[in-house]
There are 2 protein chains.
Amino acid sequence: MNNGQKDVQFMALTLEELAKQAGVSRSTVSRAINNHPNVDPETRARVLAIAEKLNYQPNLAARGLAAGRTRVLGLVIPTGVAALFSDPYFPILIQGISSACNAHDHSVMLWLAEPEYERRTIHQILQSGLIDGVIVSSMLGNDPLIKALTEHKKPFVLVGRHPTDSRVSYVDVDNRDAVREAVAYMLRLGYQRIATITGPQDMTVGVDRLDGYRAALRGRGILPDPMLIANGDFTEQGGYAAMQRLLPLEPDGVFVASDTMALGAMRALREVGKRIPDDLGLIGFDDLPLAARLDPPLTTVRQPVTRLGATAVEMLIDLIQEPDPRPRRVVLPTELVLRGSCRTAF
Amino acid sequence: MNNGQKDVQFMALTLEELAKQAGVSRSTVSRAINNHPNVDPETRARVLAIAEKLNYQPNLAARGLAAGRTRVLGLVIPTGVAALFSDPYFPILIQGISSACNAHDHSVMLWLAEPEYERRTIHQILQSGLIDGVIVSSMLGNDPLIKALTEHKKPFVLVGRHPTDSRVSYVDVDNRDAVREAVAYMLRLGYQRIATITGPQDMTVGVDRLDGYRAALRGRGILPDPMLIANGDFTEQGGYAAMQRLLPLEPDGVFVASDTMALGAMRALREVGKRIPDDLGLIGFDDLPLAARLDPPLTTVRQPVTRLGATAVEMLIDLIQEPDPRPRRVVLPTELVLRGSCRTAF
DNA sequence: GCGGTTCATGGGAGCGCTCCCATGAATAAC
DNA sequence: GTTATTCATGGGAGCGCTCCCATGAACCGC
């Protein structure tokens, strides 16, 4: 470093220096650190011990330059997602991803992608040389990012399946089926006129959950009434507004596509004096921590958000290590958590 | 790259290649890109035009190695903070930081620091060579991270002042004074027996807000009653539980140290049939988006969270560019937002 | 008109690491 | 005992960039 600044800083230990301390060559130390097979176990142990003692940390920039791998994963969340600031889903997902990265000796680089992130930012992500792969959460519609990632042959994984492109790797839950079961449960209980508050229809997850709702009705020979489908945006306000629109139509049950929106729906119901579950049954989705504490406790579909994040990380690392063109897919199980927001006896 | 993997990937444009295209040397291109003074304006324009056309992106790993700067900032949030997963404060702060970074052509690396991040992780952060500086949010107590950062001479900025060390740079709001004013306002309205629900007392912000509460009471000659001080942890549940503890003591007003906890307090009050503001006045802190939508709308102290994040970024970049030992401090203004959770006439 | 300065430019060195190849010792094979 | 094979190790090259120094052209003042 010749800019005079770094001299002032705590000087980091280099491989070369560590090698001198251990009485072996730079190459051997590198091999020991990176678990290469052809190293004498004794030598490896000695090197690792000294590295530990001197608290050696490889310089990731140098490693990135030399090997083309930095052990840094990018996490992209489009800020166009209104719920980002209100739905605890995101912090939980971020935590899951971050924690799994730590466990695998990787780091997370966060990209809250602003709407106009078209050209420049995408290429910045891909060519910066700092990132080995990318996790994309809550993709909106047919995001140009996906195309760019594919073109650049940069490994990536979606959290939530891609609506059209089957070559894309993803982790997801079976939203459609989970919702179908939840609504079928309401029907079995005796609910007759079940409405739904949907997620944004430009997100796959929003579409899938609505599909599940329709499938459940059709499974009982009921023709879904478009009037009973109110669009929401995964925010509390969205749920509140949607519930207000549904109220005049007098549904006796509502499937709400997220717990956060269910919270808003409950607020709307409280305002007009409707009681849950006596006047109206409610089922949510997510099983956020708050769901159990609502009044009444919310019956909801539990999805393993932390595991979703951890799985995405593991898939991505796998994909980076063995860049195999075959897409990987994992679908994690959900669970209908029965609480007090549906009446069990009519 | 000799591992055969990168060959398959979209080959990134290098400085050297760009230089050839522009008919100048590598050095001149570097100077043009980095805004060095001694470049012919015409040459610079030509180089930049070609760079734009070919969509050149410097390799940050290489730049980091050569210059010791990567234009990446670390953001550390201890996961010990219970509220991380429920309080929208954090997403808003993260968004503010991320957005400011984008605007300044920097990136954010996220570290959700797990409790046992003592040795290894800290050094990893500092010596990875990937990070120019660090923003630390919601530090707990006297975090060892601060000591490590200082020792390594790594520039850093706190969001929220340091409890003891005056050499540390930070951005904050004047929590004490903001709360003092809020509670003084309640006293002026005629509230007699004002309790408080505090933040965690191992966080400076928790201590400062409690101090403000005490100062307001003392300002009116009232001796703060320790019984009327209920500890919370900035979560909704914490607020709920604290309110339940306060109820038997029959306060007529409560200052709650965060809106999220106020939400919990309102739930506790609703459960026992207490009306706000008639039976009990309430003031929160943060002015989260939800505060205005509560029933009744919550009177609260607004703090500019996005600006807090943006300011932290700007301070840090400044600190990196000119590593001046003088600590920088910025205190942003708050505002008491009057809504319906305090009775104005007795 | 000539020495001194300014300044745009080019090329060398090197940041810390990984990968490849060469070396030589130990082992296996006949 | 000799040749083939395995394998631990060391050193060179180079990843893409920035910084320093050298070069030479243009300009200044007297």
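So you know, we letter chains A, B, ... as the sequences are listed, proteins then strands, and number each from 1.
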message = Heavy atoms only, 4.0 Å cut-off, all strands: where does B:Ser27 land among base, sugar-phosphate and nothing?
response = base
query = For the pair made of CG in B:Leu18 and C1' in D:dC17, what is the distance, rounded to whole Å?
reply = 13 Å
ask   = Does OP1 or OP2 of C:dG16 have a side-chain N or O of A:Tyr56 closer than 4.0 Å?
value = no
query = Counting only distance, no hydrogens or angles, is the base of C:dT18 paired donor-acceptor with the side chain of A:Arg26 under 3.5 Å?
reply = yes
task = With heavy atoms under 4.0 Å as the rule, sort A:Thr28 into base, sugar-phosphate or nothing.
result = sugar-phosphate
Rounded interatomic separation in angstrom, taking CG from A:Asn59 and C1' from D:dC17 = 13 Å
task = In plain terms, say whether B:Asp172 and B:Arg161 are close enough for a salt bridge, that is, a side-chain N and a carboxylate O under 4.0 Å apart.
result = no
ask   = Considering heavy-atom distances to DNA chain C, does A:Ala62 or B:Arg46 have its closest nucleotide positioned more toward the 5' end?
value = B:Arg46
message = Would you say that B:Val134 contacts B:Leu73 through its side chain, given a criterion of any heavy-atom pair below 4.5 Å between the two side chains?
response = no
task = Would you kindly give the CZ-to-P distance between B:Arg71 and D:dT18, to the nearest whole Å?
result = 10 Å
request  = Between D:dC17, C:dG16, D:dC19, spot the one nearest the side chain of A:Leu65, thanks.
outcome  = C:dG16
message = Would you say B:His36 places a side-chain N or O within less than 4.0 Å of OP1 or OP2 belonging to D:dT18?
response = no
request  = Ignoring the backbone of B:Val39, work out which of C:dT9, D:dA8, D:dG16 is nearest its side chain.
outcome  = C:dT9
request  = Grab the CD-P distance between A:Glu16 and D:dG10 for me, whole Å please.
outcome  = 11 Å
key: Below 4.0 Å: OP1/OP2 of C:dT9 and any side-chain N or O of B:Thr43   = yes
Minimum-distance nucleotide (side-chain atoms of A:Arg31 versus C:dT18, C:dC20, D:dC15) = C:dC20
ask   = To the nearest angstrom, how far is B:Asn34 atom CG from D:dC17 atom C1'?
value = 9 Å
message = For a side chain to side chain contact (heavy atoms under 4.5 Å, CB included) check, start with the C-alpha distance between B:Ile320 and B:Arg69, then their side-chain angles and the critical distance, and finish with the verdict.
response = CA-CA 9 Å; B:Ile320 290 165; B:Arg69 276 200 67 184; 3.8 Å; yes
Separation of atom NZ in A:Lys20 from atom P in C:dG16, rounded to whole Å = 13 Å
request  = Carefully, step by step, assess B:Asn34 and B:His36 under the rule side chain to side chain contact (heavy atoms under 4.5 Å, CB included).
outcome  = CA-CA 6 Å; B:Asn34 292 295; B:His36 276 259; 3.8 Å; yes
request  = Ignoring backbone atoms, establish whether B:Ser30 has a side-chain N or O less than 4.0 Å from OP1 or OP2 of D:dT18.
outcome  = yes
query = Do NZ/NE/NH1/NH2 and the carboxylate oxygens of A:Lys147 and A:Glu151 come within less than 4.0 Å?
reply = yes
request  = Could you please name the option among D:dC19, C:dT9, D:dG14 that lies closest to any side-chain atom of B:Ser25?
outcome  = C:dT9
message = Output the rounded distance in Å from CZ (A:Arg69) to C1' (D:dG16).
response = 20 Å
inquiry  = Can you tell whether the side chains of A:Arg71 and A:Asp132 come within less than 4.0 Å, N to carboxylate O?
reply    = no
remark   = note: B:Glu42, atom CD; D:dA26, atom P; distance rounded to Å ~ 14 Å
Below 4.0 Å: OP1/OP2 of C:dT6 and any side-chain N or O of B:Asn38 = no
